[in-house]
Engineer: 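Take a look at the following structure, please.
These figures come from a predicted structure and were not determined experimentally. Quick note on labels: first sequence line is chain A, next is B, and so on, each numbered from 1.
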2 protein chains.
Amino acid sequence: MTLTADQKRRRAQQDYNGGLGLCPARQLLETISSKWVTLVMLALADGSLRHSELRRHVAGASQKMLTSTLRSLERDGLVSRTVTSSVPVRTDYQLTPVGHSLLDVVYRLKGWAEDNMDDVAHARMAYDRGRLTRVE
Amino acid sequence: MTLTADQKRRRAQQDYNGGLGLCPARQLLETISSKWVTLVMLALADGSLRHSELRRHVAGASQKMLTSTLRSLERDGLVSRTVTSSVPVRTDYQLTPVGHSLLDVVYRLKGWAEDNMDDVAHARMAYDRGRLTRVE
DNA sequence: CAGCATCCGCAATGATACTG
DNA sequence: CAGTATCATTGCGGATGCTG
């Protein structure tokens, strides 16, 4: 078998997440870092929303991604799903207590972004403009 | 010519942002949400690190991804890069003041993950158990 | 209306080899 | 050692159509 360095690295990463148990936190971090997670969390901040409502709140999210994200959040116990078996099926999503605790952190993240977006925007322009000026 | 890789990334981001017409804050949020960003930030928490050292700290990061992430962070003014033009080129990375302010938030995120990983792990098992009643 | 399955294009990511 | 370009692969994410 030609298990080159690629396999080894990938195995290392997988083991890091699952086997060692020393860093399940990282696994969680990566879950949170998912593109739509923060947006869905913020959308559910005010209360429960239906699938269609959620989709309206989160701009640019396809039905597939939304469902996928919600499943992930539900699996992690951050979001609870309530299905009402009426004729038109109604499904409501809302944050669990654990979800709310994460929301608190997400708010801080959002706050930081709002506070520093000017600095970052400026830094970006400066970087893009003077990229050929190397520091030595 | 040396901008090709960066231009690709930049183009991708702008393409996404342009399609949705988003506020800069959300743009920043997505930057932070990048998979390796938090890990690199945490690695640089204690002080400056060289490229190779950084790579050792962040498990599973390829050289390409690391460089790419660092470039992104440098562009946003969160990380500063210091190149020493000695015979073996030495490059050190360290957080900027703005980077440190983000690090503070990242710490909270990490703290949350550590505090809640047990709950989440439990929720996951429970969820998976319920789903596995229907195995082929 | 909720959500799952399928096809598919493209961006993200990795490996490799090459500069300075 | 740090960094880049190039090619190959994959998995994300979008679109569509079908089920309950």
Engineer: Determine whether any donor atom in the side chain of A:Glu53 lies under 3.5 Å from an acceptor atom in the base of C:dC1, or the reverse, and answer yes or no.
Structural biologist: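 It does not, because no donor-acceptor pair links the side chain of A:Glu53 to the base of C:dC1 below 3.5 Å.
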Engineer: For B:Leu66 and C:dT13, give me the distance from atom CG to atom P, rounded to whole Å.
Structural biologist: 13 Å
Engineer: Looking only at side-chain atoms of B:Val89, point me to the closest of C:dC4, C:dG20, C:dC1.
Structural biologist: C:dG20
Engineer: Heavy-atom nearest nucleotide on DNA chain D for B:Thr91 versus A:Ser34: which residue maps closer to 5'?
Structural biologist: B:Thr91
Engineer: Starting from P on D:dA2, measure out to CG on B:Leu70 and report it in whole angstrom.
Structural biologist: 11 Å
Engineer: Tell me whether the side-chain N/O atoms of B:Tyr93 come closer than 4.0 Å to OP1 or OP2 in D:dG3.
Structural biologist: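 It does, given that an N or O in the side chain of B:Tyr93 lies less than 4.0 Å from OP1 or OP2 of D:dG3.
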Engineer: Under a 3.5 Å threshold, yes or no: a donor from one side chain and an acceptor from the other, between B:Thr31 and B:Arg75?
Structural biologist: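 No, no side-chain donor-acceptor contact under 3.5 Å.
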Engineer: Within the structure provided, determine whether B:His122 and B:Asp118 are in side-chain contact (heavy-atom separation under 4.5 Å).
Structural biologist: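 When only atoms from C-beta onward are counted, B:Asp118 and B:His122 do not touch, as no gap falls below 4.5 Å.
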Engineer: Does C:dA2 have OP1 or OP2 sitting under 4.0 Å from an N or O in the side chain of A:Arg55?
Structural biologist: no
Engineer: Write down the distance between CG (B:Leu54) and P (D:dG3), rounded to a whole number of angstrom.
Structural biologist: 10 Å
Engineer: With a 4.0 Å cutoff (strictly under), does any side-chain N or O of A:Ser68 reach OP1 or OP2 of D:dC12?
Structural biologist: no
Engineer: On DNA chain C, nearest-nucleotide positions of A:Arg50 versus A:Lys64: which is more 5'?
Structural biologist: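 Of the two residues, A:Arg50 wins.
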Engineer: If we fit an axis to the first five pairs and another to the last five of the helix from C:dC1-D:dG20 to C:dG20-D:dC1, what angle do they make, to the nearest 10°?
Structural biologist: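 Inter-axis angle at the termini of the helix from C:dC1-D:dG20 to C:dG20-D:dC1: 40°.
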Engineer: Please give, in whole Å, the distance from D:dC12 P to A:Gln63 CD?
Structural biologist: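 Computing the A:Gln63:CD to D:dC12:P distance gives 16 Å.
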Engineer: Do the non-hydrogen side-chain atoms of B:Ser33 and B:Val37 ever get within less than 4.5 Å of each other?
Structural biologist: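 Contact flag for B:Ser33/B:Val37 side chains = no.
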Engineer: For B:Glu74 and D:dG3, give me the distance from atom CD to atom C1', rounded to whole Å.
Structural biologist: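 Taking atom C1' of D:dG3 as the reference, CD of B:Glu74 is at 12 Å.
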Engineer: Which of these, A:Leu109, A:Leu103, A:Val58, sits in a side chain to side chain contact (heavy atoms under 4.5 Å, CB included) with A:Leu42?
Structural biologist: A:Leu103
Engineer: Among D:dG3, C:dG3, C:dG14, which nucleotide sits nearest the side chain of B:Arg81?
Structural biologist: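 Out of D:dG3, C:dG3, C:dG14, the nucleotide with an atom closest to B:Arg81's side chain is D:dG3.
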Engineer: Give a yes or no on whether a salt bridge exists between A:Arg71 and A:Glu74, defined as a side-chain N under 4.0 angstrom from a carboxylate O.
Structural biologist: yes
Engineer: Rounded to the nearest angstrom, tell me the gap between atom CE in B:Met65 and atom C1' in D:dA2.
Structural biologist: 16 Å
Engineer: With respect to the phosphate group of C:dC4, does any side-chain polar atom (N or O) of A:Arg71 fall under 4.0 Å of OP1 or OP2?
Structural biologist: yes
Engineer: With a 4.5 Å cut-off on side-chain heavy-atom distances among I, L, V, M, F, W and Y, is there a chain of contacts connecting A:Met125 to B:Leu28?
Structural biologist: no
Engineer: Answer yes if A:Val89 and A:Tyr93 sit in the same cluster of Ile, Leu, Val, Met, Phe, Trp and Tyr residues linked by side chain heavy atoms under 4.5 Å apart, and no otherwise.
Structural biologist: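 Different clusters.
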Engineer: Whole-Å distance between C:dA2 C1' and A:Asp92 CG?
Structural biologist: 11 Å
Engineer: Taking CZ from A:Arg90 and C1' from C:dG3, how many angstroms apart are they, rounded to a whole number?
Structural biologist: 17 Å
